[in-house]
Each structure stands twice: as structure tokens, then as C-alpha cells.
Amino acid sequence: MTRPTLLTLEGLTKAYPGVVANDDVRFSIGEGEIHALLGENGAGKSTLVKMIYGLVKPDKGAMTLRGAPYAPDRPSAARQAGVAMVFQHFSLFEALDVAENIALGMENPPKRRDLAARIRDVSHDYGLPLDPSRLVGELSAGERQRVEIVRCLLQNPKLLIMDEPTSVLTPQEVEILFATLRKLAAEGTAILYISHKLDEIRALCDAATVLRRGRVVGDCIPRDTSARDMAELMVGSVLHVPERRAATPGDVALELRGLDLPAATPFGTSLRDVSLSVRTGAILGVGGVAGNGQDELLAVLSGETLAPPGTLFVDGDDIGALPPPARRHLGVLAAPEERLGHAAAPDMSLVENALLTGQVREGLAPRGLIDWGATRAFADRIIAAFDVRTPGNHVAARALSGGNLQKFVIGREILQSPRVLVVNQPTWGVDAAAAAAIRQALIDLAEGGAAVVVISQDLDELMELADDFAALNGGRLSAPRPTAGLTMDEIGLMMGGAHDMEVAHAAQ
Amino acid sequence: MIALEKRPTPSRAWTVLTPLVAVLATMVAGGLMFAALGKDPFEAIRTIFYDPLFNAQFASYSRPQLLVKAGPLILIAIGLSLGFRAGVWNIGAEGQYIMGALCGAGVGLALYPSDSVLLFPAMVIAGAFGGWAWAMIPAILKTRFNTNEILVSLLLVYVAEQFLASAALGVMRNPEGGGFPGSRNFQQWPAAANPELIAGTGMHWGVVAAFVAVIAAYVLLAKHMLGFQIRLAGTAPRAARFAGVNPARLVVICLGLSGALAGAAGLFEVTGPAGQVSIDFGSGYGFTAIIVAFLGRLHPVGILLAGLLMALTYIGGELAQFMLGIPAAAIQAFQGMLLFFLLAVDVLSNYRIRFGRRRIA
């Protein structure tokens, strides 16, 4: 099947101080083609699509769109030429409704009534139902993504760029999205699809270009290539898959009993009747779409939010009223999702960031006086044990790449030999090799007798790591089930809020 | 084209160099301003920066004034800088300075004519307490009712000024003063006086306290967990809460410390250079100290130098008005330039400048 070429990239190059983000990148996309752009974090995918969308100017190279030279100097020029983009992080105002948000992104918004009608038509045609008058703050992540997609579709784009669109969706929502994208492609719209989820790419895409360290290292037809081969093309080496061990759980270390916690902010999530228990030596995986209570659950376990009496127990003791340092003393450690600003202070050095949570258990400040020598040694141990790539321990946290800082943050907690460890998105934005190392470290930690809670939106990761799986939905936690033998359909139903699987089946 | 590029890590060299560059730039720009006013710029700059310290004719008077003026500025600015580092904005040091003076002087006057050696230490403690208590009002309102400490502490300055006027005219008025407003003169009451410790230097107990505060603040910030928590809360509040810093406790500690130091500064001033509680006792040290704190990059040693520099421009400015007839407004503009250039040059420690057009294919 030959398609007329839509977009051709010829030798695009972009250098930032100290790093070449894109080096002589060339490939082309045909009309109506779903083209995957594959690569690890830092491979240069984002820079490349920013150049196509007019956010970044290439240092060298040229693009042609439908045979004509194409050099957008800003996103509005790209949109006029028929290129639209859905970002990974949404740019929506929660306090405005759907139609108002869409109007804000348009050059010449039509009258509100006309716009609402068009939103209804477009969203209905493509199977993405949306009510134009609902507040965005009340929408789920999947619905917010629909707003972004509909905003793009109203411009009748020839090329739609999608950056990691499925990271916030349930498996069922992913199916709906794929149906929409296939319909768009059938009508002749080309789609540039960025993802690192190989199974999705194999199911959806017609062609794939693989980037590594800013260069095109290969291309393939995803349907005819195994996920493992694509992964090794991305990484450039043979992948190490973490080893599961035979589960030998001990006593219950961490327990939540019917925890109710109202939301701290208007758009936060209230936790409702959350119960869980984790034995030593076991890993509990908590799935769910972002914004369904993950941050709140981590905060209540770390001690940033205090729990009401009689709800939170470690080794049988009620620790709900203890602040974070007292919990660390008992061995209850946590690693939040947001690395910069939450898990680590961006402008402080790695040494100071090691002190941030290490002070209590590592005894880094006896009688309040900081032992900088011991703190530096602790930071160096983290850097060595978790292969943190940094010029030294004096470097500010914000100077590290996301993946390296994540290794530091996770390593900092693991090296303190916790009794209970709670991590949120432990491998988010980390390259495949480092992600495998972090997962192995979590498995080793559990084997060593710790109780581990892994909160993640990466279902494959949870299936790989966890003994039991539970899903958060609207602040409620489904009853945990053993991961062995759990199907994607069952997981989707748990994430969608059907707590009792038997009832859900009966209702079908 | 000139482009600013964010540095991955703040430049250490520029953090140290920026104050020097700012002082030089102020001299150049100020010199141009003085020239435009028809004065000899070199003579004006020399009168402001050199004569107060080394001129044979004036230095004997103005050199001691340097420590007299810098002492309270440094003492107050050290306290404020701890709060500013933590993101706690105490703008009302002037009020805490006045209330400290009133509280300490009140304790002394109530015991008149005691000659106990414990009298002065008791007055210092009462002064620090007065400033602390006055700062606790915004602290408690903020932690209990989430009010804005900037507004509350600032407005309490004007309340404190009313207390000062009332005390000078009423309860603290000197019964032997022939009906004039103002309290007894502490300088004439040795047990309660804060005298010049070494003749001709301007050194008094308040200056000693300021030096001690500089050292203590340095140790606190560099070596103590509380100092680490203060820095952490200022640069990354969410990470601070994750680390276990209690924000309410930090607000109380920071406002309390800065209030106590401002109150002590007020007591040293009322028993020393000022001599008595009078209506015009509040001379703006509490506000100028905010500038000193930022001029010194919120760093204890920087504040020490900034306090001395600020005191010098005040003394030199007065001298330039008196000797060269430079208008007071021009002197104030000159001091403003100093702060402006410091903040402007500050960009260099976090950004580097790139000249030339960006390469575009």
C-alpha cells in the first residue's frame, strides 16, 4: 500500500548546551498513516515533535508538508498549516467549562452556541462523548484528554501529534481512543504517535521510527516485529527482566482500616473507606488512573497528612497521628511521584537532599547538629549503589535528568532499609534499563522482609512486581486480588469502579 | 541579540561577585547623576565612601557612627533573614523594635533608681520579650486563621508608634523633666545605661549582640537541623512538609526570633545612642533592615557587610548634603540605585548571558 507523502523531515538537527537532542533526523509520514515515534526518555522525541509543532526551531535541516517547504515559527503557524498536537500534560483551566476551554485555544472562536453544537457533533462522530457545559475540574483524566482531542479535531488537522496519550487512561478508554484514531486515519488524517508502550504500538501503528540519543537508529513495521525486538532497538542492548521470587509473606506490617479522609483542596480527591493490608515480604500494587487518590494515599502513609485514630496501623500500632520523622523512626518510608519540589528540593545539592529524609534513620544530625561528613558519605552511597549519573554530590537536584533523580530518590529510601516502603510512580520517566534496576531493587527489598506498596499507572509494571493488585477509583480502593491470573478486562473493571467482579459480570 | 540562559547550578563565583559589581555600577551611575546635578562626581563619591572613615577632619566624629548605625541594622536584619529564608515575611520589625524598647525601658523605669548589676540584663531580656510578644500577634493570627503576616506585621508598626507616643507623653514621662515629653535619660543612670564600651569606636552592647547574632545565625544555617529546615521550607515548601517540617512551628519560630532580635535592638538603642523614650524614637531601622537583609543575600556574613555599607552611605550621604549641598533626594536615589543594581546583577548568578544571534537554519 503506497500513500501520498504528507510530511518529510530532512536532516533535522537541534543542539542544546551540552547535548545534541536531535542529530540528522530524517523520515516521512504518509497521509492517513499512523506513525509511531519510539524511544527512551531523553532520546529526543519531545524535541523532534516540538520542532514539527513550531515550538522549537531546528538548527539545521528542513521539513516539507505536502511538497511545500514547512518551517513553522510558532504553534499557531503550525496549526494553520494543519498540524495539531495533544500534549501529555493537559493545558486546561479547571474552573472553566469544556466549551470555554476549547474557545481559549482557537484563533477565532465562533459564537458560544455554534461552538457547543460543533463540539457535540465532532465528539459524537468520533465516539468521544463530551458535554460542552461541564466544568473541566469535574472531568476524569480520560475526559480531559477528549477535550484536548476535540479541540484539535475542530481545526480539521492533516497531522495529529499525540504525546504518550494512554498514560492516563484505563484499558477500556484506550480501546475507545484507538477506535477514534483508526477512524481519523481512515479519513486521511496522519497521526504521529509517541509512546513507549510497545504492545499498543503493535496494535495501532502502521510504521515506527526508533530514536536513540537523538538519532534515528532504525524503523520497522510494528505488526511484524516483536515487542522485545523493538525494546532492544530502543535501548541498544539486551534487556534485563527483573526476577520474581517465590512469595513467602510474613505477618501483616502495614494496615489501613476503613480510612475516610476529606480532600484538602477543591479539586483534590477524598479517600473513602480505604482498607488494605500488606505483609512483610509482599508487594501490593495500586493501579488506577491519575488523580483518583494516589497522591492522597501516599501523603497519608508518609505522614504529610495525618490519619484519624483507628485507621492506620504498622505492626499493630496506631501510627495515624505521627508526623513523618516519627514514622521514619519506625521504618515507614515513602517516595512521592513528583520528584522536583516534593521528593527532592530542586535548588539544593544531592547531599542536602540525602539529609532531607535520611536524617532520622541514618543518624545524620545527632543532637540537631548536622554531620555533613556522614551526610556526604550517605549521598555517595546512594549515587554508587543506584548508578546515579552526576558530576558529583554537590550538584543541585534540578540539574539531574528526571531518570537519574528518580534513581536517587528511590535509592535514598531503599538504602535506609525500610520496614514499610510506599512509592508512587517509581519508574515514571526512567529509561528501560534503569527502570528494570529500580524494579529489581524493590523486589529485593520485599525479599529482605519489607512490606512494599507500589502505586503506579503502568499496569505492566504492577503485573511484573506485585503479589496483589488493587485499583483506586474516585478515592475508593477495590478489594486487593492476587495478580497471578488477573486479566486485563478484570483490571479495567476494577479501575472503572466495579468493586465486586461477580456483580459486574452478572450485570452484563 | 542577547539571550539569557539558565545555569544548571547557581554560579558560586557570581554569588560572591554580584555585590561588588553592584557597588561599582552604583558608583558609576550615581557619579553620572551627581555630574548632571552640577557636582564633581569624584568628590561626591569620595565624600560618601571615603571621607566618613579616613578624612582627618570628619572621621573622628563619623567613624564611631558607623558601628552605632550598623549595629541595630545588622541585629534586626539577621533575625529577618531567617524568616525570609523560610518564606515568612516579617515586614513589621520597626514595630517590634519600638515595642522592645518600650518593654525594656518600662522594666527599667519601674525599678528606678535601682543600681543592681542585674538591672541592665533584665532590661535586655524584657526588650527581647517585648519584640517577641509583638511578633507573636501576626504569628498566631497566621497559624490559627491563615491571615497574611505581611499585612498584620506591617500594620502593627503603626499601632506600636501610637503606644510610643502615648508612653513618651504619659506613663514614661520623666517626672523631673519639667513637663517636656520623653522619659528619664538612661545615659545618666549607669546601672541602666548602654555606654560606649571602647571610647572612639561607637562599640556598645548592641553592636556586640549584632556580632554574636551573625556568628550564631551562620552556625544555625550551616550546621543545625533547624537552619536546614528553614532553608528547605523557603526553597521547596512541599518537600519540607514531606521531610517533616511543621510549617506552623516554623512560622512561630521565625517570627519569634526576628521579633526578639528587633526588640533587643530597640532596647540597646533606647538605653544607648537614643538615651530616652521619645516621640521620634522610631527612626526606620526596622524598615532599612529589610534592605540590609536582601543586600546581604540573606547570608549572615553578607548582612554584616551590607549593614556596614548601608550605615556608610547614610553617614556619607549626610556628609555630602552638608559639605557639597547635594539634595537629600539625590542621596536617597543613590541608595535606591544600590538596591536596584544588586537585584539586577543578581540575574547573573542564575543565568549566563549569550551574545550573538541564535543560529537558525
Side-chain angles (χ1 to χ4, degrees), chain A residues 11-18 57-62 71 73 298-299 302-305 322-328 334-336 338-349 352-353 355-360 364-372 375 391 394-400, chain B residues 1 3-15 85-87 146 216 218-250 253 297-299 346 349-361:
Chain A
L12 285 186
T13 300
K14 175 75 196 175
Y16 291 109
K57 274 186 195 163
D59 295 338
K60 260 196 298 200
D73 55 355
L298 182 121
S302 76
E304 287 166 86
T305 325
L322 296 182
R327 294 191 190 191
R328 289 195 183 106
E338 184 72 45
R339 294 178 284 249
L340 278 180
H342 194 185
D347 291 319
M348 286 188 156
S349 71
E352 289 168 307
N353 273 300
L355 180 68
L356 196 143
T357 68
Q359 181 237 334
V360 180
L364 300 177
R367 278 169 285 116
L369 288 177
I370 300 163
D371 183 345
W372 285 115
T375 308
H394 62 277
V395 171
R398 72 167 142 91
L400 262 62
Chain B
M1 211 173 89
L4 281 179
E5 241 174 47
K6 196 166 169 82
R7 296 175 191 271
T9 312
S11 159
R12 270 162 199 268
W14 274 111
T15 310
R85 282 267 184 124
N146 207 18
Y218 184 86
V219 172
L220 179 76
L221 287 171
K223 284 288 288 180
H224 199 275
M225 233 15 232
L226 177 62
F228 177 73
Q229 293 184 344
I230 284 173
R231 292 189 290 132
L232 185 60
T235 162
R238 248 186 115 197
R241 234 162 313 165
F242 173 60
V245 179
N246 179 342
R249 180 170 160 263
L250 212 55
I253 289 176
R297 335 306 319 267
L298 304 181
H299 186 283
D346 196 27
S349 56
N350 270 313
Y351 293 85
R352 65 169 70 105
I353 298 179
R354 267 208 337 194
F355 295 99
R357 287 175 61 84
R358 272 200 291 175
R359 287 164 298 149
I360 296 165

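Below, chain A is the first sequence line, B the second, and so on; all start at residue 1.
- At a 4.5 Å heavy-atom cutoff, A:Arg327 makes no contact with chain B through either its backbone or its side chain.
- Using a 4.5 Å cut-off between heavy atoms, B:Ala240 does not touch chain A at all.
- The OG1 atom of B:Thr235 sits 6.0 Å away from the CE atom of A:Met348 when rounded to the nearest 0.5 Å.
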Side-chain donor-acceptor distances from residues 364-371 of chain A under 3.5 Å, at least two apart:
residue, atom, partner, partner atom, Å
A:Asp371, OD1, A:Gly373, N, 3.3
A:Asp371, OD1, A:Ala374, N, 3.1

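- With a 4.5 Å cut-off on non-hydrogen atoms, A:Ala344 touches chain B through its backbone but not through its side chain.
- We find that A:Glu352 and B:Arg231 are joined by a salt bridge, their nearest charged nitrogen and carboxylate oxygen being less than 4.0 Å apart.
- For chain A, the option among B:Gly244, B:Ala222, B:Ala243 with the highest count of heavy-atom pairs below 4.5 Å is B:Ala243.
- Relative to the ring axis of B:Phe242, A:Arg339 does not place its NZ or CZ within 45° and under 6.0 Å from the centre.
- In this structure, B:Ala239 and A:Ala345 approach most closely via the heavy-atom pair CB-N, 4.3 Å.
- Of the possible donor and acceptor atoms, none in the side chain of B:Arg238 sits under 3.5 Å from a partner among the backbone N and O of A:Ala343.
- The part of A:Gln359 that comes within reach of chain B is its side chain, from C-beta onward, which places non-hydrogen atoms under 4.5 angstrom from that chain.
- Interface check for chain B: of the options A:Ser302, A:Pro323, A:Gly341, the most heavy-atom pairs under 4.5 Å are formed by A:Gly341.
- Sorted pairs that involve residues 239-249 of chain B and meet side chain to side chain donor-acceptor pair (under 3.5 Å), not counting sequence neighbours, are lacking altogether.
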